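Before any comments, here is the structure.
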Amino acid sequence: MKHTLLGFFLLLILLPAISFCQQTKNKFTISGIVLDKETGESLIGASVGIVGQKGLSTVTNSYGFYSVSAAPGHYQLIISFSSFKTDTIEVELNKNLTMQINLSKSSALLEEVIVTSRRKSDNISRPIMGVQKLSIEEIKNIPVLFGEQDVLKTLQLLPGIKSAGEGNGGFYVRGGGADQNLILLDEAVVYNPSHLLGFFSTFNSDAIKDLTVYKGGMPSEYGGRLSSVLDIKMNDGDNKKFRFNGGIGLISSRFTAEGPLNKDKGSFIISARRTYADVFLKLSKDTSINKDILYFYDVNAKANYKLSDKDHLYLSAYTGRDDLGLGSIFGINYGNLTSTLRWNHVFNSRLFSNSSLIYSNYNYVIDITAGTNNISITSRIRDWNLKQDFQYFINANNKLNYGIDVKRHSILPGNITASGTSSFNDVNLQKKLSLESTAYISHEWSATPTINITSGVRLSNFSALGPGTFYTYNTDGTTKDSSTYSSGKIVKAYTYLEPRFAASYKLREDKSIKFSYTRNVQNLHLLSNSTGTNPTDLWIGSSNNVKPEIADQVSVGYYQNFKNNLYEFSAETYYKDMQNQIDYKNGAQLRANENVENELLFGKGRSYGLELFLKKKYGRFNGWIGYTLSKSERKIDGINNNQWYNATQDRTHELSVVGIYKKNDKWTFSYTYVYYTGNAVTYPSGKYTLNGQVFFYYPERNSYRVPSYSRLDLAATLQGKKTKKFDSNWSFSIYNALNHANAYSINFQVDPNDPTKTQAVKTTLFKFVPSVTYNFKFL
Amino acid sequence: MIPLKNIKYLLIVVFFSLVACKKVITLDLSTAPTTIVIEGNITNEPIPYQVSITKTVGFYQNNTFPNVSGAVVKITDSTMGITDSLVEGKAGIYTTSKLFGVIGHTYLLDVIAEGKEYKASSTMPKQVTLDSISFLTTAAFGKFNTNAVVNFQDPPGVSNYYHFIETFRNIPPKQIHVFDDRISDGRYISRQLFNDSTIIHRDTVDVEMQCIDKNVFSYLEELSGQDATNGQPTSPADPTSNITNGALGYFSAHTTQRKRVVFQ
């Protein structure tokens with residue numbers, strides 16, 4: 001297998017050389033980048049095409065780079081991007097050209113009259129399925145809890161993406177778990193995407209440029225998680241002039257500064273956000289309250305510099321931490337730190353390269369003090385990642401993406417440090433090391449004017465590495481054997497070929513059908529006792545006991561645009577088969593346990609569904625309706641008598657309606673409505689007594705449903721007077737405006753007023769929560 | 001171990017107690033087929049010992065649990081080779097007559113009830129001396145909470161499993177206090193018995209300490225884990241019993257010590 005891998009790598013390295021040989025003769029290439037005229041930000045996914053030449057069009061990559069080839073001649077280049085004015089440029093193509101294109105912003109109202117461009121029907125012709133993009137504009141206008149703009153919660157309004165619970169940043173995609181989403185911020189993995197135990201996401205929308213989520217049909221450059229890829233790109237910063245903007249909200253404030261490093265050459269942006277509930281706690285005279293700590297912050301920073309016309313450097317960093325503490329008894333401090341150094345190099349007008357060095361770290365520290373007991377628990381996952389990507393624009397109909405990616409994971413599962421007087425011993429669990437290497441290739445091919453095909457493959461290898469002692473276990477849970485490995489020795493390696501295929505067939509200019517097949521392999525698994533994401537969840541790698549999770553997904557969809565692409569409709573169905581799914585034995589000890597792998601149970605899963613989506617894209621009134629009908633099941637050895645049962649993620653119906661109405665230049669109103677069937681859940685089917693206490697009887701896993709959920713949120717934005725130097729607005733919102741008492745949790749207990757009875761008690765967290773935020777901008 | 005599973009719930013409840021509201025609701029809960037529940041204890045306290053057999057009832061029925069009469073209940077001290085046939089006194093309560101609970105002895109339970117046979121085995125572990133009960137008052141978010149603290153020396157090099165039963169002000173026990181020495185081996189242990197209700201001035205607190213065996217510990221730990229007042233288990237499940245054939249409950253041979261303290 002090692003040789004296969006080596007061969008594959010070699011092939012990839014040689015590819016550019018091979019492909020140079022087949023450069024199509026008698027054709028020239030126009031290449032360059034597309035930028036926002038005002039700020040110099042590169043535009044991702046802008047469409048660049050040649051007027052009157054069907055099939056001669058392309059889309060800018062994540063750095064704004066494009067490349068189009070055509071026979072010599074005089075052409076009109078048409079460039080368009082959503083919420084920007086479409087531009088046409090005359091070109092005389094008699095040699096390879098490099099051209100920087102600057103697009104200027106259009107007001108949302110203007111867009112209604114813009115002639116339809118190729119870009120707007122891209123959803124029809126490109127063979128990408130299960131992909132959703134959200135614009136930052138949309139995110140900013142959609143009401144959310146406490147007025148905190150939140151990309152993860154806005155994402156949950158799209159079909160197929162489900163919230164893990166009230167106010168929970170964790171999400172489930174197409175019946176998968178919260179840990180089966182690959183969340184990337186400028187290519188770095190963010191292991192815990194939420195703050196304050198899941199109520200807020202770690203992504204400050206001021207710092208975000210572009211957000212794409214893949215629910216299936218991921219291009220082969222992505223991998224490592226079963227369910228989805230959430231690819232978030234940070235803003236580059238204004239390279240023309242300095243700008244400052246910020247917001248003051250009920251629970252947090254934000255501030256962003258950006259500007260040129262050297263005009264038109266480079267820029268920086270730094271964006272920060274902090275909550276201040278703790279400031280109010282400090283005001284309390286009560287000593288038990290003013291010692292409590294409760295805050296989180298995020299800092300996003302990015303700088304880029306153009307070294308030459310062919311070389312561009314980017315450095316981005318993110319850090320965010322939560323600090324929660326109850327007096328001097330208990331404290332938890334956790335957060336992510338990521339950084340990415342990237343170098344874009346344009347080899348020639350057709351070959352674009354990006355090299356990345358990526359660091360990602362998530363850790364937590366818990367301090368507990370109780371009388372003489374002082375202990376602290378620390379845990380960490382840290383990645384170093386080297387990535388090389390090539391994009392080769394062979395000709396108008398063919399494009400190749402290929403590259404390699406090597407990640408080194410180091411996991412500290414949770415160490416306990418105890419004071420001398422403590423009731424506990426120090427616990428030092430072995431650090432777990434592993435190496436994840438992948439090579440991928442993907443071919444985008446416009447086979448005919450109506451058929452587009454993207455096919456690719458990803459070869460992934462995961463090796464659990466020494467040093468350390470590794471155990472195997474008998475079925476009765478006793479230790480069977482142990483072997484000790486020295487540093488760098490491979491304990492267990494898994495190699496998989498992950499094919500990816502997607503095809504679209506255009507029935508008409510505004511109608512298409514698509515098909516995709518995707519295999520994903522996941523080698524990092526989250527052990528969690530909670531439904532969403534918990535700061536103390538433990539990541540483990542595949543090992544001699546834990547096999548990689550594998551998902552195969554097939555998807556078929558129908559797409560249609562109406563009224564000159566004003567409306568977009570899609571219907572997608574999928575079936576996903578999942579292998580080596582993980583659950584836990586009864587009473588599993590997941591913490592401070594060297595034998596944690598012995599606490600696991602394995603099985604399989606399947607999920608299927610139908611997702612409908614109708615969106616009005618432009619105009620004074622825009623928004624969407626999403627509906628999902630789905631099923632997700634698991635079959636785990638040792639659970640539910642080894643029978644299939646509904647997964648926790650299983651919800652039959654889910655409906656979301658989003659509307660944004662721009663009344664005039666002053667007022668914008670918006671609403672979201674969400675309804676869904678409750679999750680599958682385990683409730684008691686009886687009770688019994690032991691030692692005078694009442695206990696509940698749970699004979700079946702997830703055989704009940706949480707009561708259904710519904711919520712209407714409203715928001716209004718009042719635009720202040722705009723001057724040349726200053727711009728501001730007030731944003732008012734009401735979360736759960738209909739005051740619907742949704743179940744955050746349901747507990748079962750003996751009736752405190754009548755000990756002869758038991759009762760179910762529903763806890764509702766948020767009913768009718770108003771909030772206000774003031775946003776400002778110095779231009 | 002440290003009640004980490006409770007922490008998230010605790011924090012959420014505390015932070016959002018201002019906005020959160022609770023309401024009793026009626027759910028459509030089905031009633032599973034009746035299951036036998038067996039609870040048997042052998043201790044190092046004076047005889048006799050008892051085994052009680054009851055049945056499950058539906059969630060919305062009263063908390064009166066049907067007794068199972070006419071069962072054949074036997075306990076064998078397998079170390080001594082003595083078998084005791086238990087006699088039913090009060091309906092569903094079966095009492096020993098000739099067995100003595102001795103540290104280190106293994107006891108076998110055999111029950112034939114309603115045509116099915118259930119078996120279990122438990123070994124009485126060595127006793128660990130409970131030194132004292134003290135009190136600890138902590139404050140968080142403006143609330144003061146006093147809990148009893150149990151103090152004792154854990155013997156090094158062996159696995160020990162502890163179960164504490166605490167009563168004060170006639171409040172029926174709600175929490176199950178069980179822990180092992182997995183990360184405390186050989187330490188002098190001072191552990192708080194966390195409780196919903198705080199102990200107040202002049203309360204008389206009764207604490208029973210049981211040294212239990214591994215299977216009973218697992219049973220009680222899992223039982224405490226599914227207790228909804230202890231947090232929110234994702235998927236509660238019935239604990240793994242040391243009794244065969246699908247019975248709920250447990251059979252435990254354990255040591256017992258009792259202490260009574262007044263909180264001054």
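Only a predicted model underlies this, so the values are computations on that prediction, with no experimental measurement involved. Below, chain A is the first sequence line, B the second, and so on; all start at residue 1.
For the side chain to side chain contact (heavy atoms under 4.5 Å, CB included) with B:Phe59, the lone residue among A:Phe748, A:Tyr697, A:Tyr683 that qualifies is A:Phe748. Partner of B:Asn63 under the side chain to side chain contact (heavy atoms under 4.5 Å, CB included) criterion, chosen from A:Asp754, A:Val750, A:Asp751, A:Thr689: A:Val750.
Aromatic pair A:Tyr688/B:Phe65: ring centres not closer than 6.0 Å.
At least one side-chain heavy atom of B:Arg182 sits under 4.5 Å from a side-chain heavy atom of A:Asn593. Annotation: side chain of B:Ile176 is in contact with side chain of A:Phe695 (closest heavy-atom distance under 4.5 Å). Two residues are said to be in side-chain contact when any heavy atoms from C-beta on lie closer than 4.5 Å; A:Asn691 and B:Glu39 meet this criterion.
Highest contact tally toward chain A, considering only B:Val57, B:Leu136, B:Ile189, is held by B:Val57 [criterion: heavy-atom pairs under 4.5 Å]. Most heavy-atom pairs under 4.5 Å with chain A: of the set B:Thr54, B:Val149, B:Leu27, this distinction falls to B:Leu27. Counting heavy-atom pairs closer than 4.5 Å to chain A, the top residue among B:Ser30, B:Gly58, B:Ala237 is B:Ser30. When each of B:Asp238, B:Leu29, B:Thr56, B:Val24 is checked for heavy-atom pairs under 4.5 Å with chain A, B:Asp238 comes out on top.
Note: B:Leu223 CG to A:Phe696 CZ = 11.0 Å, rounded to the nearest 0.5 Å. Here B:Lys22 contributes atom NZ and A:Thr764 contributes atom OG1; the two are 9.5 Å apart, rounded to the nearest 0.5 Å. Taken to the nearest 0.5 Å, the CG atom of B:Asp154 stands 8.5 Å off from the CG atom of A:Asn425.
Under a 3.5 Å cut-off, the side chain of A:Thr756 and the backbone N or O of B:Asn62 do not form any donor-acceptor pair. One N or O on the side chain of A:Asn373 and one on the backbone of B:Ser190 form a donor-acceptor pair closer than 3.5 Å.
Closest approach of A:Ser419 and B:Arg187 over heavy atoms only: O-NH1, 3.5 Å. A:Gln693 approaches B:Gln175 most closely through the heavy-atom pair NE2-N, 4.4 Å. Nearest heavy-atom pair across A:Pro699 and B:Ala32 is CG-CB, 3.7 Å.
Within a 6.0 Å radius of NZ in A:Lys585, more than 12 heavy atoms belonging to other residues, nucleotides or ligands are found.
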